[in-house]
Amino acid sequence: MTDVTPLEGPRAPKLPNISFEFFPPKTEEMERNLWDTIKRLAPLTPNFVSVTYGAGGSTRERTHATIVRILKETCLLPAAHLTCVGASRGEIDEVVDRYHEAGVRHIVALRGDPASGIGTPFVAHPDGYKTSPELVAGIRKRHADIEVSVSAYPEKHPEARDFDRDIDTLQAKVDAGATRAITQVFFDNDFYLRYLDRVRARGIKIPIVPGIMPMHNFKQARNFVTRAGTTVPDWLAQKFDGLDHDAETRKLVAATVAAGQVQKLAKHGIDTFHFYTMNRADLVFAICHLLGIRPKAAQEAA
Ligand code: FAD
């Protein structure tokens, strides 16, 4: 049984730092759902909330609109994801300038997946940023007051030949001005802890924030994360065994598993977590509650 004992009580002085990731909605209904989610999670006072950028830049305008609305209608600090895919440097620079003009001061800079699909070779736009370190440098050069976060891969990126090369790229991103890395989702904490050792052994000091994904829909999520190189351990699959038609129990199991994962990381001194919310509040809210995090109004009333 996964241990879900709260590490600290609700008024403990040192609660974990959290951030949330959303994706830009495609339809009005999805938009309403996202805003319900944001309203539910905002009182948990995350350090920032990020909004993804669809593969190939397909959501450029929707990402922008979501980020600007967060900025206008909430007290949250938004971080806009941006990739190098399918756009010239000029076009990307324009996106960065628009964000800056709107008041955005945090970008999650990524190379992005190949336009022809994961597993095929990445071909940069002929006039584009060719690598993530180039993009990081480009953003920092245009606007030194924009904070840049980047990706990190506890199981190494599938394209990287080995961990050393993978960490060379992380080092290049840090040298270009990145100040935080957020990891690809992982379920086996040992991958993350070993990766952290490797990164620190190379002298890289920036926070490597673990990316935590509660599995709302195990089968769907498994397909998705496996394609991105994440291992789904057998013990995890077994926990969802027989629950294909039982969404309620799946939810409880998913929250328990993710809360247990976070608490075990906390026991190793990790105090900052990035949650892949999939635009749903329920599980992430429950996990944060188990960690002792309460909505701001409740904290103040306590
Ligand atoms: P990088 O950090 O540049 O590279 C990752 C690794 O691959 C490095 O080890 C590097 O050495 C190696 N590598 C890169 N290119 C080559 C090459 N040509 N040959 C050999 N090795 C190579 N995708 C989106 O489309 N939109 C998003 O909003 C988005 N958000 C993300 C957020 C997070 C926190 C993470 C972890 C991933 C996200 N992704 C997103 C996915 C990401 O775009 C893909 O994983 C992509 O394949 C790599 O981009 P990167 O910036 O992470 O790669």
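As the structure lists them, so they are numbered: ligands from 1, and atoms in each ligand from 1. FYI, the numbering just counts along the sequence from 1.
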For Asp166, atoms of ligand 1 separated by under 4.0 Å from a heavy atom: 6 (C), 8 (C), 9 (O)

Minimum-distance protein heavy atom relative to atom 43 (O) of ligand 1: Gly112 CA, 3.0 Å

Please check if any side-chain donor atom of Asp197 sits under 3.5 Å from a side-chain acceptor atom of Tyr192, or the reverse. no

Parallel, tilted or perpendicular, as decided by the 30° and 60° cut-offs, for the rings of Phe218 and Phe240: parallel

Can you report which non-hydrogen protein atom sits closest to atom 48 (C) of ligand 1, along with the distance? His157 NE2, 3.4 Å

Within the structure, does Val108 bring an N/O atom to less than 3.5 angstrom of an N/O atom in ligand 1? no

Relative to the heavy atoms of Ile182, which atoms of ligand 1 are at a distance of less than 4.0 Å? 34 (C), 36 (C)

Determine whether the side chain, the backbone, both or neither of His81 has a heavy atom under 4.0 Å from any heavy atom of ligand 1. side chain

Report, in ascending order of atom number, the atoms of ligand 1 lying under 4.0 Å from any heavy atom of Ala160. 9 (O)

Which word best sums up how the rings of Tyr153 and His157 line up, parallel for under 30°, tilted for 30 to 60°, or perpendicular for over 60°? perpendicular

Side-chain donor/acceptor pairs under 3.5 Å, residues 276-283, sequence neighbours excluded:
unit_1	atom_1	unit_2	atom_2	d
Tyr276	OH	Thr183	O	2.7
Thr277	OG1	Glu21	O	2.7
Thr277	OG1	Asn279	N	2.9
Asn279	OD1	Phe23	N	2.9
Asn279	ND2	Phe23	O	2.9
Arg280	NH2	Asp282	OD2	3.2
Asp282	OD2	Lys251	NZ	3.2

Test log, rule side-chain contact (heavy atoms from CB on, under 4.5 Å), inputs Val150 and Val136: CA-CA 8 Å; Val150 292; Val136 175; 3.6 Å; yes

Ligand 1 and Ser151, any nitrogen or oxygen pair closer than 3.5 angstrom? yes

Value for CD (Glu94) from OG (Ser88), rounded to nearest 0.5 Å, stands at 8.5 Å

Region of Phe23 engaging ligand 1 - heavy atom pairs below 4.0 Å: neither

Give the residue, atom name and distance (to 0.1 Å) of the protein heavy atom nearest atom 45 (O) of ligand 1. Tyr153 OH, 2.6 Å

Atom 1 (P) of ligand 1 has as its nearest protein heavy atom Ser132 OG, 3.5 Å

State yes or no: do Leu252 and Val284 share one hydrophobic cluster built from I, L, V, M, F, W and Y residues joined by side-chain heavy-atom distances below 4.5 Å, directly or via other members? no

Judged on heavy-atom distance to atom 38 (C) of ligand 1, which of Asp168, Thr59, Leu135, Leu110 sits nearest? Leu110

Tell me the protein heavy atom at minimum distance from atom 14 (C) of ligand 1, and give that distance in Å. Arg111 NH1, 3.3 Å

Counting non-hydrogen protein atoms only, what is the nearest one to atom 24 (C) of ligand 1? Give residue, atom name and distance. Tyr53 O, 3.4 Å

Which residue owns the protein heavy atom closest to atom 44 (C) of ligand 1, what's the atom, and how far is it? Asp113 OD1, 3.3 Å

Which residues share a side-chain contact (heavy atoms from CB on, under 4.5 Å) with Val225, sequence neighbours left out: Val185, Phe187, Met213, Thr230, Val232

Roughly how far, to the nearest 0.5 Å, is the CG atom of Asn17 from the NE2 atom of His274? 13.5 Å

So, is Tyr276 polar-close to ligand 1, with some N/O to N/O distance under 3.5 Å? no

Under 4.0 Å to a heavy atom of Thr83 - the qualifying atoms of ligand 1, by number: 24 (C), 25 (O), 26 (N)

What are the two closest non-hydrogen atoms of His106 and Ser149, and how far apart are they? NE2-OG, 2.7 Å

Considering only heavy atoms, which of Gln184, Glu159, Arg165 lies nearest to atom 17 (C) of ligand 1? Glu159

Thr52-ligand 1 polar pair, N/O distance under 3.5 Å: no

Classify the contact between Thr169 and ligand 1 as side chain, backbone, both or neither, using a heavy-atom distance cut-off of under 4.0 Å. side chain

Protein heavy atom at shortest distance from atom 2 (O) of ligand 1: Lys173 NZ, 2.5 Å

Answer yes or no: are there more than 12 heavy-atom neighbours, outside Arg89 itself, under 6.0 Å from its atom CZ? yes

Consider side-chain contact (heavy atoms from CB on, under 4.5 Å). Of Ile139, Ile107, Asp145, Val95, which one does His100 pass it with? Asp145

Within a 6.0 Å radius of atom CD on Gln220, are there more than 12 heavy atoms belonging to other residues, nucleotides or ligands? no

